[in-house]
Amino acid sequence: MTQLLSAHSVGASGNHAGTDDVQTLMRRSPISVILVSLLALAACGEADPTGGSPAAPNSIDPAPTDPTEPTITPTTPITTPITTPSTTPGETPRYDAERMRADLAAARERWTAQNWTSYRYTYTPSCYCDRQEVTVEAIDGHTVDSGGLDWARTIEQWFDEIDAAIGTAADIRVTYDATGAPTSLYIDVEETIADEEFGYELIALEQVTDSLDAFLDDDYGCGYGFAAANAGQTVSMVVGFVDIDWEQGPVAGAYDLADLDGAIHFGVDLMANWCDDVIEEGEPEPLVDETWNIVSGTLEVSPTDNRLATGTFTDVVAVDADGHEHLLGDVEIANGMWGFFAG
């Protein structure tokens, strides 16, 4: 102890205090004894008499083992490969993929059973975009009006989007109604990327029972035939006569649509410059993306005078580029400019 005290007791002049000085100091005052004791304790905490490293401060000895508790032996690591969804490395899907696929399959079956070949629905997008309401119109699974949004989908296309996302997207949340249609959808493609989430909330969904006629808002009179389109000019029906003399005006009677030149067009600005004598610079031009040729049905022509006729189409059937037939129902179109042509 005398050695430790000599290492930490320093006089005013900076010289080490001797053993006699320490004993004298201890005899003089109880307070001095306390100070010397504290110095000795501090010295014991900093030095290791064996010459090893200083002890770690605030260390806690482990508690004694309870001999009555069972010993836990580490198990052998699993080496069998585990199949996981192909998400981005480090991410784990926050959904049950198998349950999601089962729900999707059941929804598809309900939707197919409805046999809604034509319908319209309104929804609000839930993404980092314009959140205004959008109305989508579909004819036999073909989008004819999508509010100008490229990513608008038919119900069938939404099914495909969900199917493709299961097992690859970081998160998917979807609900279906009694028809099977997805009423709400949220897909987070990748957890580490911001603003790529997308989805929607369904507001209204209705079947269109009278098919094509329900979408044709405006009649376009001109020439020898009948033409109509929807308000957005994204779908049109045009039927013209071939090798028929109409010098006396439209002739009343029934005609087989297989003998006429008729088609359903899908595209953009389909009726732009229709029967227009002068096309101004910068005016839009019709852009046809897809054509369905009319192959059967009946047309009843009802003229009122030389310049006006009404065409009533019954059981219109068109065939797309893949050879699939589409029953488009009954359509009524008026031509108020019979015999006029641009030129």
Side-chain angles (χ1 to χ4, degrees), residues 74-207 234 266 268 289-290 322:
T75 58
T76 304
I78 298 175
T79 57
T80 304
I82 300 176
T83 302
T84 57
S86 57
T87 55
T88 302
E91 294 184 4
T92 301
R94 297 189 293 273
Y95 55 90
D96 185 334
E98 290 187 5
R99 176 62 181 274
M100 192 76 67
R101 290 190 179 95
D103 290 345
L104 174 60
R108 281 186 188 269
E109 289 182 4
R110 295 200 305 274
W111 178 255
T112 301
Q114 298 296 319
N115 196 28
W116 286 14
T117 57
S118 298
Y119 55 88
R120 67 169 55 90
Y121 71 96
T122 302
Y123 69 95
T124 301
S126 54
C127 62
Y128 291 91
C129 55
D130 191 350
R131 295 176 60 88
Q132 64 179 351
E133 292 183 3
V134 176
T135 297
V136 176
E137 298 178 343
I139 299 176
D140 276 8
H142 191 292
T143 303
V144 296
D145 197 351
S146 58
L149 296 178
D150 293 337
W151 53 269
R153 304 285 188 269
T154 64
I155 299 298
E156 295 83 1
Q157 289 171 332
W158 281 121
F159 286 144
D160 294 338
E161 291 281 356
I162 296 168
D163 190 25
I166 296 175
T168 60
D171 193 15
I172 305 174
R173 297 171 226 164
V174 58
T175 59
Y176 305 94
D177 65 8
T179 69
T183 54
S184 66
L185 175 65
Y186 171 82
I187 298 179
D188 185 358
V189 179
E190 188 171 339
E191 189 175 12
T192 57
I193 298 179
D195 300 349
E196 42 45 90
E197 304 90 349
F198 68 92
Y200 70 89
E201 293 290 334
L202 188 67
I203 299 175
L205 169 66
E206 62 177 339
Q207 180 184 17
T234 57
F266 300 94
V268 180
D289 296 327
E290 187 174 350
D322 296 326

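When reading the values below, keep in mind they use all heavy atoms of this one structure, side chains included, and skip hydrogens, waters and symmetry mates.
- When the side chain to side chain donor-acceptor pair (under 3.5 Å) test is applied to Tyr121, the partners found at least two apart in sequence or on another chain are Trp158.
- Arg110 meets the side chain to side chain donor-acceptor pair (under 3.5 Å) test with no other residue; sequence neighbours excluded.
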| request: Applying side chain to side chain contact (heavy atoms under 4.5 Å, CB included), run through Arg153 and Asp160 and close with a yes or a no. | output: CA-CA 10 Å; Arg153 304 285 188 269; Asp160 294 338; over 6 Å; no
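- To the nearest 0.5 Å, atoms CZ (Arg120) and CD1 (Ile139) are separated by 9.5 Å.
- Annotation: the span from Ile172 atom CD1 to Ile187 atom CD1 amounts to 5.5 Å, rounded to 0.5 Å.
- Considering only heavy atoms from C-beta on, Thr143 comes within 4.5 Å of Gln157 through its side chain.
- Shown here for Ser118 and Asp140, the closest heavy-atom pair between the two residues is OG-N, 3.7 Å.
- Across every non-hydrogen atom of Glu156 and Tyr119, the tightest pair is OE1-OH, 2.7 Å.
- Taking the side chain to side chain contact (heavy atoms under 4.5 Å, CB included) definition, one finds that Ser184 meets it with Thr175, Glu201, sequence neighbours left out.
- Among residues two or more places apart in sequence or in another chain, the side chain to side chain contact (heavy atoms under 4.5 Å, CB included) test is passed with Ala181 by Trp111, Ile155, Asp177, Thr179, Leu205.
- Take Glu290 and apply the side chain to side chain contact (heavy atoms under 4.5 Å, CB included) test, not counting sequence neighbours, and it matches His142, Phe266, Trp292, Asp320.
- Residues meeting the side chain to side chain contact (heavy atoms under 4.5 Å, CB included) test with Asp163, sequence neighbours left out: Leu104, Arg108.
- To the nearest 0.5 Å, the span separating CD1 on Ile162 from OH on Tyr176 amounts to 4.0 Å.
- The two atoms that bring Asp96 and Glu98 nearest to each other are OD1-N, 3.2 Å, heavy atoms only.
- No donor-acceptor distance shorter than 3.5 angstrom exists from the side chain of Tyr123 to the backbone of Val136, with no hydrogens or angles considered.
- With rounding to the nearest 0.5 Å, the separation of OG1 in Thr122 from OH in Tyr200 is 12.0 Å.
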